[in-house]
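Naming convention: chains lettered A, B, ... in sequence-line order (proteins, then strands); numbering from 1 in each chain.
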There are 2 protein chains.
Amino acid sequence: MPKALTAKGTATRQRIIDGAAAEIHDRGVLATTLDDVCRRTATSKGQLFHYFPDGREELLLAVAEREAERVLEDQQPHLGQLTTWSAWESWRDAVVLRYQRQGMNCPLGVLITELGRSTPAAQLVTARLIERWEHQLLVGIREMQRHGHVAEGLDAKRTAAAILAAVQGGVTILMSTGSSAHLEAALDTSLLFLRLAH
Amino acid sequence: MPKALTAKGTATRQRIIDGAAAEIHDRGVLATTLDDVCRRTATSKGQLFHYFPDGREELLLAVAEREAERVLEDQQPHLGQLTTWSAWESWRDAVVLRYQRQGMNCPLGVLITELGRSTPAAQLVTARLIERWEHQLLVGIREMQRHGHVAEGLDAKRTAAAILAAVQGGVTILMSTGSSAHLEAALDTSLLFLRLAH
DNA sequence: CACAGTCTGGACCTGCTGGTCTATTTTAGT
DNA sequence: ACTAAAATAGACCAGCAGGTCCAGACTGTG
């Protein structure tokens, strides 16, 4: 990587990341080659290794970070303000919609499994995503407790972890079957649980 | 594949599948090459393609089927008799233990994501596993309802789907972080939910 | 024993893909 | 405008992994 990126440079770098992400969405991580990315982004091998000296691995990591960012963005503004039942409902719908749109390929998941084994940096991406996601759920639950909508006695931390797991599992199942039924069941049951704990 | 397998033949075929599964457990699907499998199982390329004419894909599918079978086996006998609270607790422990042992690599998951894109046969393996797993949960919940331990009004089908998703998500998170905290939270919260619905 | 089909071994081929290298053009700062 | 650094292009390389092939050793059945 050059010492300083010019405006043109950063633009190209970003174009490569975006193109790689798109290619991965379309055809999967495994099937995506560096040449594919070059073709799609109208760049050359030279540029690719100019901006990502560590090659494929570094590029994939950059894509993973981008994807992780999106996961949370796509749940906003709902996830950030889980203060009423209707906010939780909206969030639920947003999650279902987001993953139905994404369809049967989970770029992030495969990215992590391919990278994770070798790079600790990749594991960090997942860990941070989980932590942030869970934290927002936790805040939401605490908020509901503060407003008296959910029982004070409920273990908010554990519940947040469980809801996150349920969503994650619903998504995983959606990936392999194409059906969002489990994701919806997971979300609906989670909300029902919160309501029951009263 | 030959028309008829002799006893020796089936033994070799099985040895290849077992060896491939072991190799995948140790080093991951992506890093496992056909030569690795041959070396480990003391077989030759000739044999490998003799028993799996479609090569890597066919072998991987066979391994996936084997793994799927194990997932359910490892939860028995608990999963098959979820008729009391203590049975549910035992099941909970068995699941946690099984996946803690398995550690951070999910052969089945990666197998499916690598195969799923191309082969519908791979999707079938997952679909069947999910269906059978969920069915046993469903039976368990209905049983609890019949005995008056869980409210009749609870949507058993949806709850079974949600619990399965929660477990699945807990496992997924365990894979990428190495911590079973989410899996345990998911299971504990699921059981708490059943208890609350009374 | 014969012989047809199965089993085994391993050399070999080939396509692909990540990665290197060098030459040329463009940009930014003085 | 000059120059140093950055950006771009794309030919080229090397290794590897999946897959092919054929020759030879077993096996079991009439």
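- For B:T12 and C:dT8, the shortest distance from a side-chain N or O to OP1 or OP2 is below 4.0 Å.
- Residue contacts for B:K45: at a heavy-atom cut-off of 4.0 Å it reaches a base atom on one of the strands shown.
- The distance between atom CZ of A:F52 and atom P of C:dT17, rounded to the nearest whole Å, is 20 Å.
- Rounded to whole Å, the distance from CG on A:D36 to C1' on C:dC16 is 11 Å.
- As a whole-Å value, the separation of A:E23 CD from C:dG18 P is 12 Å.
- The shortest distance between side-chain heavy atoms of A:H78 and A:V95 does not fall below 4.5 Å.
- Looking at the side chain of A:L34, the nearest of the listed nucleotides D:dA7, D:dG18, C:dG19 is C:dG19.
- Within the nucleic acid shown, B:G46 comes within 4.0 Å of at least one base atom, counting heavy atoms only.
- Using modelled atom types and a 3.5 Å distance limit, the side chains of A:S180 and A:Q100 yield a donor-acceptor pair.
- Note: CZ (A:R56) to C1' (C:dT20) measures 18 Å, nearest angstrom.
- Taking side-chain N and O atoms only, A:Q47 has a distance below 4.0 Å to OP1 or OP2 of D:dT8.
- Distance, A:L48 CG to D:dA9 P: 12 Å, rounded to whole Å.
- In this structure, B:E67 CD and B:D74 CG are separated by 9.0 Å, a value rounded to the nearest 0.5 Å.
- Between the side chain of A:E89 and the backbone N or O of A:W85, no donor-acceptor pair lies under 3.5 Å.
- Taking only distance into account, the side chain of A:S44 meets the base of D:dA9 through a donor-acceptor pair shorter than 3.5 Å.
- Using a 4.5 Å cut-off on side-chain heavy atoms (C-beta onward), B:Y51 and B:L59 make no contact.
- For B:K8, the side-chain atoms get nearest to D:dT27 when compared with the rest of C:dG18, D:dT27, D:dA7.
- Distances were taken from every side-chain heavy atom of B:T33 (C-beta onward) to each of C:dG19, C:dT17, D:dA17; the shortest belongs to D:dA17.
- Contact annotation: A:Y51 side-chain N/O to D:dT8 OP1/OP2 distance is under 4.0 Å.
- Taking atom CZ on B:R39 and atom P on D:dC16, their separation rounds to 11 Å, with Å as the unit.
- The residue among A:T6 and B:T32 whose nearest nucleotide of DNA chain D lies closer to the 5′ end is A:T6.
- The distance between atom CZ of B:F49 and atom P of C:dG10, rounded to the nearest whole Å, is 17 Å.
- Rounded to whole Å, atom P of D:dT8 lies 13 Å from atom CZ of A:R13.
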